[in-house]
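Since the structure comes first, as structure tokens, the remarks are kept for the end.
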Amino acid sequence: MNAPAHAPLRLPRPVPQALLEALQQRFGAQYSSALAVREQHGRDEGSISAPPPAAVVFAESTQDVQDAVRLAAQHAVPVIAYGAGSSLEGHLLAVQGGISIDVGRMNHVLSIDADDLTVTVQPGITRKALNEAIKDTGLFFPIDPGADASIGGMAATRASGTNAVRYGTMRENVLALQVVTASGEVIRTGTRAKKSSAGYDLTRLMVGSEGTLGLFTEVTVRLYPLPEAVSAAICSFPSIEAAVRTVIQTIQLGVPIARVELIDVNSVRVVNAHSKLNLREEPMLLMEFHGSPTGVQEQAETVQAIAQEFGGNAFEWATTPEERTRLWTARHNAYFAAVQSRPGCKAISTDTCVPISRLADCLLESVHEADASGLPYFLVGHVGDGNFHFGYLLDPNAPEERERAEALNHQLVARALSMGGTCTGEHGVGVHKMGFLVDEAGTGAVEMMRAIKRALDPQNILNPGKIFAL
């Protein structure tokens, strides 16, 4: 199996002073070359380091993005889109130098088409801000990767998260895009129609391309009616296997559960300390049910009966919005709770996804390896669709710990691939998993991806050094 990359694959390209002066002249106060600003835009939530970009442009319109890309293209200088900075695999790092285009100010809702259950937004709006903006329509946007990520970033990485078991991922929920290409041209892909047979599916090509084929300036996504009733529950188990077997049987029986999250005992412990909770310190499932009051009750009773078969206990309900929010906030803060549990540590957070029938085998073997390593770790998973995450906590000044963590990650990915899974269920490839993509897709498929990249971005200026090397 190929080793993952951790450093730039080539030296940063020079950024001519003429380009920096042209950007400053065009953008004025929307341009910055201050070190603090560049450093902010040169790191994400992952553990990989790279030099910061040479400058940052704060785009406020599609025209701004066009002009920045056109100026960069004249000098063959890389451009990297920046949204909320919440990625984990080095997506926004300037590994080949260049400029960062921050779309955070492009954060408006452009149109709400409630009758068609769609909304069109600018890429910088975050998922929480979007739901706040549409709350009076009786609709909501369900994709929830945990972090308050930008919609553009979520589309670029094909994000999913806790609700994916019922509502799908960004792949299913992005209907149309406005994209600035490598030459600075603006194109549109897709429509608000539910389906189309017109030509190549460019929307699906762009979703998950991690900023390597174009910069999104508008995104049209599906919305869903707010469920009539919502109920959440937690249930503790004597072992991870018991919890996972409960999930497998629930999915195989066709129970339309909205969310089902696994957190291991390490995660429960740090979440209790961080969020001042008193959760039972055992492997736990957090579940949520959407539908009519009768339907929600039937779903919950079915899952509770399945859980009891596998030794589930302390089945507790959270029926008020405040109680549900408290539980899910604690779950979403698991990453930060774990990092704070070992002061000064760095977390290598990885994810894989396997067919639901192989979930227990993959998880249990991976837990056994992590326990044997002696390295502190935590485990969380959107296990309803076979997706889970390990976070290995390491001392950044101890190279042997990083080596151990990377070895665990390597073994985890190899296991998932051998079971018909993927090297990444939702984080994306970025820099960290470039070698694994070849193992998963094969050299022929990766070469086809390279051919598409070369055709659409002949100067290789759009987020170069990500997904694969050119």
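The residues of the chain are indexed from 1 along the displayed sequence. Below, each value reflects all heavy atoms present in this structure, side chains not excepted, and no hydrogens, waters or symmetry copies. Just so we're clear, the structure is a prediction, and the values are computed from it rather than from any experiment.
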Do other residues, nucleotides or ligands put more than 12 heavy atoms under 6.0 Å from the [atom1] atom of [X]?
X: Lys453; atom1: NZ; value: yes
X: Lys195; atom1: NZ; value: no
X: Arg171; atom1: CZ; value: no

Sidechain-backbone polar pair: [X] side chain, [Y] backbone, donor-acceptor under 3.5 Å:
X: Gln459; Y: Ala73; value: yes
X: Glu440; Y: Cys423; value: yes
X: Asp201; Y: Arg204; value: yes
X: Glu210; Y: His91; value: no
X: Asp113; Y: Asp115; value: no
X: Asp102; Y: Gly104; value: yes
X: Thr422; Y: Gly425; value: no
X: Ser275; Y: Asn272; value: no
X: Glu316; Y: Ile234; value: no
X: Thr137; Y: Ile134; value: yes

So do the side chains of [X] and [Y] get within less than 4.5 Å of each other, counting heavy atoms only?
X: Arg222; Y: Leu117; result: no
X: Met106; Y: Glu218; result: no
X: Asn409; Y: His432; result: yes
X: Ile101; Y: Val69; result: yes

Practice prompt. Check the angle between the aromatic planes of Tyr82 and His41 and answer parallel, tilted or perpendicular using the 30° and 60° thresholds.
Written response: tilted
Worksheet entry | Parallel, tilted or perpendicular: rings of Trp317 and Phe289 (30°, 60°) | tilted
Response to the item:
Here the side-chain hydrogen bond (donor to acceptor under 3.5 Å, both in side chains) pairs for residues 285-294, sequence neighbours left out, are Tyr167-His290, Arg259-Glu288, Glu288-His290, Glu288-Trp328
Could you verify whether a donor N or O on one side chain and an acceptor N or O on the other, from [X] and [Y], lie under 3.5 Å apart?
X: Tyr224; Y: Asn163; result: no
X: Glu45; Y: Ser87; result: no
X: Asp264; Y: Asn266; result: yes
X: Thr169; Y: Ser160; result: no

If you round to the nearest 0.5 Å, how far is [atom2] of [Y] from [atom1] of [X]?
X: Thr181; Y: Gln66; atom1: OG1; atom2: CD; value: 8.5 Å
X: Tyr377; Y: Ile348; atom1: OH; atom2: CD1; value: 16.0 Å
X: Ile187; Y: Leu177; atom1: CD1; atom2: CG; value: 8.5 Å
X: Phe468; Y: Met449; atom1: CZ; atom2: CE; value: 7.0 Å
X: Leu393; Y: Phe378; atom1: CG; atom2: CZ; value: 6.0 Å
X: Leu202; Y: Leu456; atom1: CG; atom2: CG; value: 8.5 Å

Check this for me, if you would: do [X] and [Y] make a salt bridge, where the nitrogen-to-carboxylate-oxygen distance has to be below 4.0 angstrom?
X: Arg105; Y: Glu60; answer: yes
X: Arg326; Y: Glu323; answer: no
X: Glu369; Y: Arg415; answer: yes
X: Asp148; Y: Lys128; answer: no
X: Arg158; Y: Glu172; answer: no
X: Asp351; Y: Lys433; answer: yes

Worksheet item: Strictly under 6.0 Å, is that where the ring centroids of His389 and His382 end up?
Response: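 When the ring centroids of His389 and His382 are compared, they turn out to be within the sub-6.0 Å range.
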Discussion item. Please evaluate residues Arg70 and Glu185 with respect to the criterion salt bridge (Lys or Arg N to Asp or Glu O under 4.0 Å), reporting the C-alpha separation (whole Å), side-chain torsions for both, the decisive distance (0.1 Å), and the verdict.
Written reply: CA-CA 9 Å; Arg70 283 172 175 165; Glu185 180 185 1; over 6 Å; no
Item to complete: Assess whether side-chain contact (heavy atoms from CB on, under 4.5 Å) is satisfied between Thr217 and Gln122, documenting all intermediate values.
Response: CA-CA 6 Å; Thr217 55; Gln122 291 182 307; over 6 Å; no
